[in-house]
**Q** 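Before we start, here is the structure in question, set down as structure tokens.
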Amino acid sequence: MRDFSADHRWLSINTATVRRQRGQDWPLLQILDACAARGIRAVSPWRDQVAAAGLAATARTLRAHGLELSGYCRGGLFTYSDDAGRQAARDDNRRALDEACELGAPCLVLVVGGLPGALAGAPAHKDIAAARAQVAEGIARLLADAHERAMPLAIEPLHPMYAADRACINTLEQALDLCDALDPARSGALGVALDVYHCWWDPKLAAMIERAGRERLLAYHVCDWRLPTRDLLEDRGMPGDGVIDLPRIRALVEAQGYAGYAEVEIFSSRDWWQRDGGETLDTCIERHRRCV
Ligand code: ZN
């Protein structure tokens with residue numbers, strides 16, 4: 001396993017980690033400046049942040065700083081309740097692919113969607129199997145567009161507590177079943193984004209990391225699971241502040257040959273978003289060296 005203790009060469013910052021400091025949006029271009037100033041080499045930006053900053057300006061700033069991407073957040077949300085919804089999802093995912101290409105991302109991360117309408121508070125039905133079938137169909141169609149653009153798709157399984165509203169793919173096994181069905185040749189075009197927050201508890205975690213292998217491990221996201229967790233979405237912990245055995249999981253991932261970034265992704269409305277953004281970034285660097 002790589003030794004992270006001496007530097008932060010393999011730290012990436014998911015820009016949601018510092019998106020809203022002390023009640024104010026931290027503009028993406030300023031986040032990129034702050035990362036570069038600290039010798040951080042990679043980021044994973046969110047589409048809404050890129051849209052606010054401008055796609056061309058974001059690409060320019062990344063290049064100027066020599067910043068790489070560890071992923072692009074995010075495509076997906078494939079589930080729909082009518083033809084218009086299906087088409088809208090398709091169009092939006094193609095745009096996400098184009099943006100990912102423009103920014104030089106290594107993959108487009110997919111949060112696949114839950115029951116249609118649930119995220120807005122009004123689920124159209126209760127048939128999660130139907131939602132999962134729509135996800136499979138949506139990824140199959142997007143895969144053709146992704147092939148054309150040579151932009152890999154990384155399915156991110158989310159913790160089951162998000163099955164209703166955000167993603168009905170909830171385990172690595174489920175994600176890998178889909179990968180094997182849609183990309184049996186393991187072409188590199190389809191894989192998973194492994195986020196420890198979503199997967200740490202899974203009794204099949206080690207077996208599924210091994211099954212994924214290097215070809216399917218496209219991104220690795222870290223944070224920690226706080227005790228107690230006070231909010232289902234926005235109470236992720238800084239690495240080292242919770243119960244996830246981060247070095248053990250990274251060892252499993254690296255045993256498969258994964259040699260990319262460890263991307264810190266924290267949504268923390270009560271804690272890390274309440275601090276100065278520079279302090280949060282400095283803490284990410286320190287924890288990356290000591291706890292990841
Ligand atoms: Zn993630």
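All ligand and atom numbering here is 1-based and tracks the order in the structure. We count residues from 1, following the sequence as given.
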**Q** Salt bridge (Lys or Arg N to Asp or Glu O under 4.0 Å) with Glu286: which residues, sequence neighbours excluded?
**A** Arg290
**Q** Return all protein N, O or S atoms below 2.8 Å from the Zn ion (ligand 1), chain by chain in residue order.
**A** Glu156 OE2, Asp195 OD2, His221 ND1, Glu265 OE1
**Q** Show your reasoning for whether salt bridge (Lys or Arg N to Asp or Glu O under 4.0 Å) applies to Asp224 and Arg236.
**A** CA-CA 6 Å; Asp224 217 330; Arg236 296 188 181 204; over 6 Å; no
**Q** Taking only residues two or more places apart in sequence, or in another chain, which ones meet Arg86 in a salt bridge (Lys or Arg N to Asp or Glu O under 4.0 Å)?
**A** Glu137
**Q** Look at Glu234 together with Arg270 and state whether they make a salt bridge at an N to O cut-off of under 4.0 Å.
**A** no
**Q** By the ring-ring contact (aromatic ring centres under 6.0 Å, His included) test, which pairs, at least two apart or in different chains, include something from residues 62-81?
**A** none
**Q** Closer than 4.0 angstrom, basic N to acidic O: yes or no for Arg95 and Asp91?
**A** no
